[in-house]
Amino acid sequence: MTDHHEGHGLDDLVEPTSPDPDLVEVLTDLFADYRATRATPTAVVDLDRDLWQRLEDLGMTRLTGTESAGGSGGGWVDAAALLGLAAAAAAPVPLAEHDVLGGWLLEAAGLPNDGGLRTVCRPDPSGVALNVTWARDASSIVALWEDRDQWRVADVPVDRVAVDERRNLAGEPSDTVEFDLDDLESGIVVAHEIGEQFHLRGALARSAQVVGAMERVVDVVLTHVREREQFGRPIGRFQAVQHLVSDIASETALARAATDAAVARAAASDWRDPGMLFAVGVAKSCVGHAASVVVRGSHQVLGAIGTTLEHELHTLTRPILARRSEYGSLQDWDETLTALASSAGHDRLWTLVTTGRAKPSTGSFPPHDNT
Amino acid sequence: MTDHHEGHGLDDLVEPTSPDPDLVEVLTDLFADYRATRATPTAVVDLDRDLWQRLEDLGMTRLTGTESAGGSGGGWVDAAALLGLAAAAAAPVPLAEHDVLGGWLLEAAGLPNDGGLRTVCRPDPSGVALNVTWARDASSIVALWEDRDQWRVADVPVDRVAVDERRNLAGEPSDTVEFDLDDLESGIVVAHEIGEQFHLRGALARSAQVVGAMERVVDVVLTHVREREQFGRPIGRFQAVQHLVSDIASETALARAATDAAVARAAASDWRDPGMLFAVGVAKSCVGHAASVVVRGSHQVLGAIGTTLEHELHTLTRPILARRSEYGSLQDWDETLTALASSAGHDRLWTLVTTGRAKPSTGSFPPHDNT
Amino acid sequence: MSTRLVPPGARELPVLTELRLEVRAFLAEQVAAGAFVPHVDTWLTRWDRDFTRELGRRGWLGMVIPTEYGGQGRTYLERFVVTEELLVVGAPVAAHWIAERQIGPSLLRYGTEEQKQAFLPGISRGEVVFGIGMSEPDSGSDLASVRTRADRVDGGWRLTGTKVWTSGAHEADAFFALARSAPLDPAHRHDGLSQFIVDLRAPGVTIRPIISMGGDHHFNEVHLDGVLIPDDRVLGEIGQGWAQVTSELAYERSGPERVLSTFQLLAAAAQAMDDGRLPTDPGLGRHVARLAALHHMSFAVANALEHHEDADTAAAVVKVLGTTGEGDITDYVDTLTASGWALDEELDTLLHAAILQRPGFTLRGGTNEILRGVIARGLGMR
Amino acid sequence: MSTRLVPPGARELPVLTELRLEVRAFLAEQVAAGAFVPHVDTWLTRWDRDFTRELGRRGWLGMVIPTEYGGQGRTYLERFVVTEELLVVGAPVAAHWIAERQIGPSLLRYGTEEQKQAFLPGISRGEVVFGIGMSEPDSGSDLASVRTRADRVDGGWRLTGTKVWTSGAHEADAFFALARSAPLDPAHRHDGLSQFIVDLRAPGVTIRPIISMGGDHHFNEVHLDGVLIPDDRVLGEIGQGWAQVTSELAYERSGPERVLSTFQLLAAAAQAMDDGRLPTDPGLGRHVARLAALHHMSFAVANALEHHEDADTAAAVVKVLGTTGEGDITDYVDTLTASGWALDEELDTLLHAAILQRPGFTLRGGTNEILRGVIARGLGMR
């Protein structure tokens with residue numbers, strides 16, 4: 001519209017935050033192929049080692065690792081894209097656990113990474129960790145635990161832990177793991193912010209996965225409403241269906257905006273921005289509430305056919321609900337945001353919204369960055 | 001369907017809980033006439049003394065008073081019908097304050113009732129009461145206050161109080177009243193349950209008013225969607241509008257069911273049923289949440305025309321919102337119900353739902369009544 | 001007076017309450033004895049023919065069936081309270097649900113004397129298990145589009161077609177099938193439909209499971225390959241199928257199973273809040289209030305039906321609000337709960353089952369989109 | 001890749017943030033000095049020509065108008081942050097809102113050189129106040145049904161008809177009127193419409209107030225009784241009115257005024273929760289999160305528009321979610337609040353104003369029902 005920028009050029013004002021298009025293309029092809037060749041959906045979901053191998057061959061299983069540590073040196077923007085595309089394909093692979101969380105913890109602790117499949121958890125003081133996704137499939141488990149005001153990281157071979165096999169709502173392995181306390185106590189002490197960031201990184205990784213799956217749900221719904229006929233016309237022609245689908249797509253778009261903003265902030269500051277707690281909370285809250293609308297609405301539109309085992313829909317909706325409640329329930333995150341907002345109060349609520357913090361930064365982080 | 005009741009007859013099983021049909025007919029005619037002859041709506045609403053006189057002539061302003069005290073001896077079922085029909089006509093008359101609450105308090109305290117217009121309030125320890133509807137119009141104000149574990153009732157002539165004139169969201173008088181503490185301290189001590197019941201009676205009276213107004217909103221909406229045309233047909237033919245209206249009407253019906261059930265329980269037990277707190281809470285919660293749907297949905301359907309001063313709609317929606325937040329906010333009541341439900345716990349939640357109490361009654365009240 | 005969508009309420013008197021408490025006491029004993037584990041959505045998912053027969057022995061089946069047909073000859077109101085008590089405790093009631101709710105009343109209304117004698121006593125004892133065959137692969141909400149064909153043959157009809165979403169067909173003895181006994185007339189789509197009583201063991205019947213997203217088998221495809229239906233197994237009149245199936249909708253739609261499918265989850269959440277395992281939150285009170293109001297509304301509809309009053313619109317209101325509420329309870333507890341089974345294994349089990357069943361709540365028995373249209377029609381909008 | 005309804009986001013860089021902070025500091029001074037009292041929905045309800053002129057003096061009006069027409073020649077992104085800051089603080093911005101949002105861009109796109117010279121400098125200084133005349137008594141959401149007639153006369157057109165819901169017409173200098181310059185062709189309802197620049201002081205113009213339910217006067221009926229519009233006050237092309245008015249919808253629908261109208265109420269509620277005057281409740285966090293996400297989404301749309309990308313569907317998404325959220329905030333605070341002004345007089349004032357304004361949020365600029373249809377179209381459903 002305005003062809004006369006007499007002040008600043010656009011590049012001074014904003015920075016795009018999109019993932020590497022080549023990466024997206026490679027992954028889109030890979031997962032399209034995966035989707036086209038995979039087996040019929042099942043209620044119980046197991047690790048797909050063939051797919052894992054293909055991802056490993058492309059460097060995707062170590063995407064965020066530094067190159068010196070054998071990783072591909074990707075940032076959070078690319079990692080979030082990978083997580084989202086994999087989730088959209090309902091790909092049963094532990095990308096978040098192995099690379100984004102596990103690999104990061106190993107690097108933070110200066111521990112070697114042999115590339116063997118990892119998962120992560122935070123055992124309680126008795127050495128027990130619940131709901132450890134893919135534990136049974138891992139070669140070793142990266143544990144983060146708090147020990148007298150210090151955070152420690154240990155990389156414990158799976159044959160040194162007791163794994164009680166369980167499954168989550170998505171039918172995925174989500175095991176109870178019991179560590180030997182000696183293995184934890186001999187863990188490497190890491191910086192305090194590692195312990196604090198773990199929960200945020202986990203929450204944002206889950207948000208990226210849920211958004212990716214929701215975007216695929218939108219596509220599944222759109223295909224259905226174009227093809228399915230009732231009362232002599234495609235159901236997408238009914239106003240009630242249009243409004244349901246519009247709501248599903250809009251909530252997904254809002255969740256995407258919130259997640260992308262948090263990812264961009266994380267990428268720009270390498271997670272050092274003090275506004276990350278708010279930014280991740282916004283993503284987790286919007287994603288979580290969107291999940292309610294998207295899961296209910298999509299099943300409503302798809303009707304009975306969408307509740308059958310053989311249909312793709314539940315391979316998306318079940319993980320959506322399982323993951324939106326990981327790394328904090330929706331209620332937990334809304335309470336966190338409530339605490340941030342009420343302590344910001346009337347005069348600094350907007351500052352909180354735009355910067356993620358209610359007070360001007362006092363740290364070394366540039367005060368105007370990431371607003 | 002079943003023409004072979006070999007067990008109990010229907011009369012043994014249920015008791016209808018409808019108001020006196022003659023009363024309903026008289027009131028319906030009266031308010032239809034009022035509606036047909038009243039002036040154009042205004043933003044500020046004042047007491048209609050002519051209407052009050054007509055109601056007085058019919059014995060409606062003392063409907064619930066005992067006949068010995070000069071009342072008409074009506075019960076809560078009839079009183080709720082009167083409140084609802086008056087609210088549906090947006091009639092600016094203090095029926096709840098004057099009769100259902102004020103008259104009742106005077107009788108409970110054994111104080112004379114000269115029939116002069118009353119309102120009610122619960123002043124705080126400094127003698128100040130906020131949000132006293134119709135105070136400026138009353139000849140005297142019935143105050144209920146707690147004084148060292150005792151409840152007292154005083155009937156204070158309005159010329160002995162300071163009235164700071166204010167208006168509520170509905171544009172009605174909703175004044176701040178400051179009492180002389182001497183007037184309160186010389187009040188009559190009443191039974192403890194009077195103090196406890198006041199809040200419940202107020203809340204249920206408000207619920208009956210809000211439901212009555214919401215039922216009128218449904219009619220206003222239905223008339224509009226039949227008459228208003230867009231894109232060449234009545235807007236009621238659009239599925240989106242049908243669903244909005246369906247939701248409005250359904251929520252109103254649910255609020256009606258909850259309110260009627262509480263009123264029936266109050267009437268059957270003369271408010272002595274220990275389940276009244278739950279029953280009133282259910283009514284207040286359902287009415288309050290319905291109000292959100294009904295007010296938003298009705299304005300959405302009516303469009304811009306419904307936001308104009310001259311339109312009837314706001315004479316209903318503004319009081320609906322003003323009254324749903326009186327005698328406790330919606331959140332307050334939901335919290336009360338949460339406390340009741342969580343203390344009932346898993347095994348007695350259903351008993352709470354059906355009887356209003358989580359434990360079997362220990363008092364003199366028949367244990368099987370009012371289930 | 002204003003538009004009244006739902007009939008006036010009525011107060012339950014002690015006689016009904018005593019029945020309620022009698023059933024409640026029996027069920028508490030059964031739970032204590034481990035006869036069943038309380039669960040959600042048990043009217044679809046929990047089959048137990050022994051339990052069903054025990055209910056029959058106690059006189060809690062066939063309650064509205066006259067005694068001359070082996071029933072109890074009692075009222076819809078009495079059946080209502082029994083039904084509520086069975087549902088809130090999450091008892092295994094699927095085996096008799098369809099027969100008790102729809103088949104019995106339909107047979108009473110449309111069945112021949114011989115049909116009544118043939119089926120009603122067994123239904124009342126909980127020994128004859130029925131299903132219902134209405135939906136078809138392409139019919140969805142558009143029931144008039146059914147394509148199962150009934151061809152006239154000597155002494156009866158031959159049914160050919162496929163029914164889907166037949167809950168419990170693999171366990172049931174028979175089902176009612178809606179079929180087209182005359183070719184479709186696009187101008188009168190509801191004409192030419194008829195109901196047939198189909199023996200599910202008859203030659204030509206093939207039952208294939210439809211596995212649900214959670215891996216469970218509740219639904220089936222029932223293929224009818226020229227199944228012979230003798231004339232005495234036509235239900236009601238040939239060509240009147242549409243009127244017959246729609247006349248029972250108020251019974252199907254307003255029952256407590258449209259409100260209480262997730263009651264056990266709500267109760268577990270209340271307990272968890274009391275124990276501090278879930279955060280105290282006003283949402284619990286809100287959901288309990290809605291459920292209590294729906295209990296009153298559903299009872300009011302039962303009372304109207306008992307009095308032979310029209311309640312189709314009211315039934316649609318109960319179903320829309322009730323089934324939405326069942327799902328709201330599920331989503332609510334889910335949002336309060338962090339993933340992980342060990343917070344509370346009972347709660348997690350109920351929650352996961354409720355999540356997996358939830359899509360069906362607002363679809364089965366008429367989708368909520370269709371029902372909001374029914375309500376709009378009841379309001380005079382269409 | 002999946003259907004992308006909303007363009008990718010972008011990170012705001014320090015240069016924009018500095019502008020933001022500059023505006024914020026100025027507004028804080030103004031509030032401290034009592035120049036205005038923060039309020040809700042001020043872009044419709046708070047007129048202050050002095051304040052508007054002061055913004056003009058500071059270079060915060062006409063931001064996207066080129067300097068040769070007296071504007072600032074800056075970007076939509078810069079205007080976006082200025083707009084956000086003005087709205088969140090609840091500043092009195094109604095006097096310039098329509099001109100700044102719609103009139104300026106329309107003149108730039110469709111106006112003649114003479115029209116641009118005539119109006120844009122005054123708009124940029126905040127001295128020329130514009131309204132918009134689209135709706136008519138019977139048009140509602142069906143804008144193509146407008147009946148105001150433009151009759152060709154010597155040297156111009158005569159407009160006859162009635163426009164309603166014209167906000168601020170009683171304060172404004174001129175408005176854009178959409179009128180029918182050719183008779184309605186039912187097969188091509190969008191043809192034959194044209195836009196005219198109407199001097200509101202011209203002979204034949206009568207302005208009558210429409211009083212809102214709260215007793216306020218924001219809207220007007222504007223009667224046009226053969227008002228003469230000279231040829232040089234036709235906007236764009238005769239017959240192209242429909243295309244012209246719809247082309248600006250992305251600008252009108254995605255702006256921060258579709259998100260932030262009740263921000264002051266949300267901020268007051270946050271304060272009240274902190275002070276213990278409202279109960280602490282996770283709903284606050286939820287609403288803050290949605291608002292923050294909408295801030296990002298609305299910014300993404302502004303960025304797309306700056307890059308000349310199509311964003312009509314995205315704008316509809318922002319408006320549906322944003323205006324619903326504005327109302328949700330209102331209802332949320334209302335449900336937390338017991339009636340009574342003295343809980344917090346500021347909160348109560350904001351709450352009551354928000355309640356009275358709320359019906360308009362989801363109606364003005366295209367109802368949310370219409371917009372969900374627009375979104376469905378964007379998704380390829382119609």
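None of these values were measured; they are calculated from a predicted model. Letters go in sequence order (proteins before strands), and every chain restarts at 1.
Heavy-atom contacts from other residues, nucleotides or ligands closer than 6.0 Å to NE2 of D:His190 number more than 12.
Between D:Phe263 and D:Leu291, the closest side-chain pair of non-hydrogen atoms falls below 4.5 Å. Taking the side chain as every heavy atom from C-beta outward, D:Ile210 and B:Leu309 never approach each other to under 4.5 Å. The shortest distance between side-chain heavy atoms of B:Val44 and B:Asp46 falls below 4.5 Å.
Annotation: the span from B:His299 atom NE2 to B:Thr307 atom OG1 amounts to 8.0 Å, rounded to 0.5 Å.
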Please walk me through it: do B:Asn168 and D:His352 pass side chain to side chain donor-acceptor pair (under 3.5 Å)? CA-CA 9 Å; B:Asn168 63 14; D:His352 288 186; over 6 Å; no
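For B:Ala240, the part lying near chain D is the side chain, with the backbone staying farther off; criterion is any non-hydrogen pair under 4.5 Å. Proximity to chain B is absent for every atom of D:Asp216, based on heavy atoms less than 4.5 angstrom apart. In this structure, no portion of D:Arg364 lies under 4.5 Å from any heavy atom of chain B. For D:Ile370, the part lying under 4.5 angstrom from a heavy atom of chain B is the side chain only. Neither the backbone nor the side chain of D:Ser145 has a heavy atom closer than 4.5 Å to any heavy atom of chain B. At a 4.5 Å heavy-atom cutoff, the contact between B:Thr317 and chain D is made by side-chain atoms alone. Neither the backbone nor the side chain of D:Thr330 comes within contact range of chain B, judged by heavy atoms closer than 4.5 Å. Only the side chain of D:Ile355 comes within less than 4.5 Å of a heavy atom of chain B; its backbone N, CA, C and O stay farther away. The contact between D:Thr324 and chain B is made by backbone and side chain atoms together, counting heavy-atom distances below 4.5 Å. Residue D:Leu351: no heavy atom, backbone or side chain, is found under 4.5 Å from chain B. In this structure, no portion of D:Pro186 lies under 4.5 Å from any heavy atom of chain B.
Each of B:Arg318, B:Glu229, B:Glu310 has some count of heavy-atom pairs under 4.5 Å with chain D, and the biggest count is that of B:Arg318. Comparing B:Gln331, B:Arg228, B:Arg296 by how many heavy-atom pairs each has under 4.5 Å with chain D, the most go to B:Arg296. Among the candidates B:Glu326, B:His314, B:Gln300, the residue making the largest number of heavy-atom pairs closer than 4.5 Å to chain D is B:Gln300. Contact count versus chain D (heavy atoms, under 4.5 Å) is highest, among B:His289, B:Glu335, B:Arg324, for B:Arg324. Of the listed residues (D:Pro279, D:Ser139, D:Ser141), the greatest number of heavy-atom pairs within a distance under 4.5 Å of chain B belongs to D:Ser141. With respect to chain D, the highest number of heavy-atom pairs below 4.5 Å among B:Ser292, B:Ala304, B:Gly303, B:Ala43 belongs to B:Ala304.
Using a 4.0 Å cut-off between a side-chain N of Lys or Arg and a carboxylate O of Asp or Glu, B:Arg323 and B:Glu172 qualify as a salt bridge.
The residue from B:Val217, B:Val301, B:Thr308 that alone fulfils the side-chain contact (heavy atoms from CB on, under 4.5 Å) condition with B:Leu313 is B:Val217.
The aromatic rings of D:Trp165 and D:Phe219 stand perpendicular to each other, their planes meeting at an angle above 60°, with 30° marking the opposite boundary. Taking the six-membered ring where the residue is Trp, D:His170 and D:Trp47 present tilted rings, their angle falling between 30° and 60°.
A cation-pi arrangement is found for B:Arg233 relative to B:Phe238, the charged atom lying closer than 6.0 Å to the ring centre and inside a 45° cone about the ring normal.
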